[in-house]
Chemist: 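This structure is in C-alpha cells; I'll ask about it shortly.
All residue numbers refer to positions in the sequence shown, counting from 1. Predicted model, so just to flag it, every value in this text is computed and none were measured.
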Amino acid sequence: MSSVEAFGQIGRGAVMRAGDIAVGLPTVTVFDPVVKAVRLMAVGRMPGLVVVDGRGRPLAVLPGSQVLRLSILAAFQDDPMLVRTVDESSADAFWRELGGLTVGDCLPGTWGSGRRSDRWVSRTG
C-alpha cells in the first residue's frame, strides 16, 4: 500500500506506520567538506541538512544560514551595503575559501577542526 493509499484509509481502521511516509534525505558527516553540504542543499533546494555520525545516527542539523554565514566575510555581514560590491570574481574567491572547511567547522562547539577564522564570523551575530 502506498503512503497516499494509507493516508486515505485513516479513520477506516487502517494502520499507518512511519515507514509508509518516510523519505530518505541526504546527510553529511562532520568531516565532509562544507562545499558538499552547500551543493546538496542547493541541488535539493533544502534549507538545511542532517549531520550524522559514522553509524548514520543524527547528531545535529546544519542550517543553510550557518553555511551562508561562513561563506561571507564578517565585514560584509556587518555592513550589508558592502554586499553590492561583491562581483563574480569575489564570489568565486569566497567559494574557494570554503573548500578547506568541513561541516563540523560550521557547527557550534567542538564538532569540527576548530579552523573557523575570525574573518568569517560576524561580530554582530
Side-chain angles (χ1 to χ4, degrees):
M1 175 182 308
S2 74
S3 59
V4 173
E5 292 168 333
F7 187 74
Q9 297 294 321
I10 293 176
R12 297 186 199 158
V15 175
M16 180 183 282
R17 301 192 191 313
D20 295 334
I21 59 173
V23 295
L25 295 174
T27 59
V28 291
T29 70
V30 293
F31 305 108
D32 283 330
V34 78
V35 171
K36 174 184 177 182
V38 170
R39 285 191 178 116
L40 284 171
M41 283 188 263
V43 169
R45 300 179 64 109
M46 299 173 6
L49 290 172
V50 176
V51 181
V52 297
D53 66 9
R55 294 182 175 172
R57 295 179 299 196
L59 292 175
V61 173
L62 174 65
S65 59
Q66 189 64 29
V67 176
L68 182 61
R69 184 178 295 279
L70 278 182
S71 67
I72 299 172
L73 290 170
F76 290 88
Q77 294 176 36
D78 294 340
D79 186 356
M81 294 298 287
L82 286 176
V83 172
R84 296 179 186 190
T85 67
V86 177
D87 59 4
E88 193 69 28
S89 63
S90 297
D92 289 342
F94 291 171
W95 180 254
R96 282 190 299 276
E97 290 280 343
L98 283 179
L101 295 174
T102 66
V103 168
D105 294 326
C106 296
L107 297 172
T110 58
W111 294 97
S113 64
R115 293 183 296 155
R116 271 189 291 201
S117 169
D118 284 340
R119 65 187 217 137
W120 294 97
V121 180
S122 173
R123 314 288 185 268
T124 60

Chemist: Give me the atom names and distance for the closest heavy-atom approach of Pro33 to Val103.
Modeler: O-CG2, 4.1 Å

Chemist: Who else is in the cluster with Val50 when I, L, V, M, F, W and Y are joined by side-chain contacts under 4.5 Å?
Modeler: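 Cluster partners of Val50: Val52.
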
Chemist: Are Val38 and Phe31 linked, directly or through intermediate hydrophobic residues, by side-chain heavy-atom contacts shorter than 4.5 Å (ILVMFWY only)?
Modeler: yes

Chemist: Considering non-hydrogen atoms only, spot the tightest contact between Val51 and Thr29 and give its length.
Modeler: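 Scanning both residues completely, I find the closest heavy atoms to be CG1-C, 3.9 Å.
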
Chemist: So how far is it from Asp53 CG to Leu59 CG, rounded to the nearest 0.5 Å?
Modeler: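 Between Asp53 CG and Leu59 CG, I get 5.0 Å after rounding to 0.5 Å.
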
Chemist: Leu62 and Ala37: which non-hydrogen atoms are nearest, and at how many Å?
Modeler: CD2-CB, 4.0 Å

Chemist: Of Leu40, Thr102, Val34, which is the lone residue that meets side-chain contact (heavy atoms from CB on, under 4.5 Å) with Val28?
Modeler: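 Testing Val28 for a side-chain contact (heavy atoms from CB on, under 4.5 Å) against Leu40, Thr102, Val34 leaves exactly one candidate, Leu40.
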
Chemist: Can you give me the closest heavy-atom contact between Pro26 and Met46, atom names plus distance?
Modeler: CG-CE, 3.7 Å

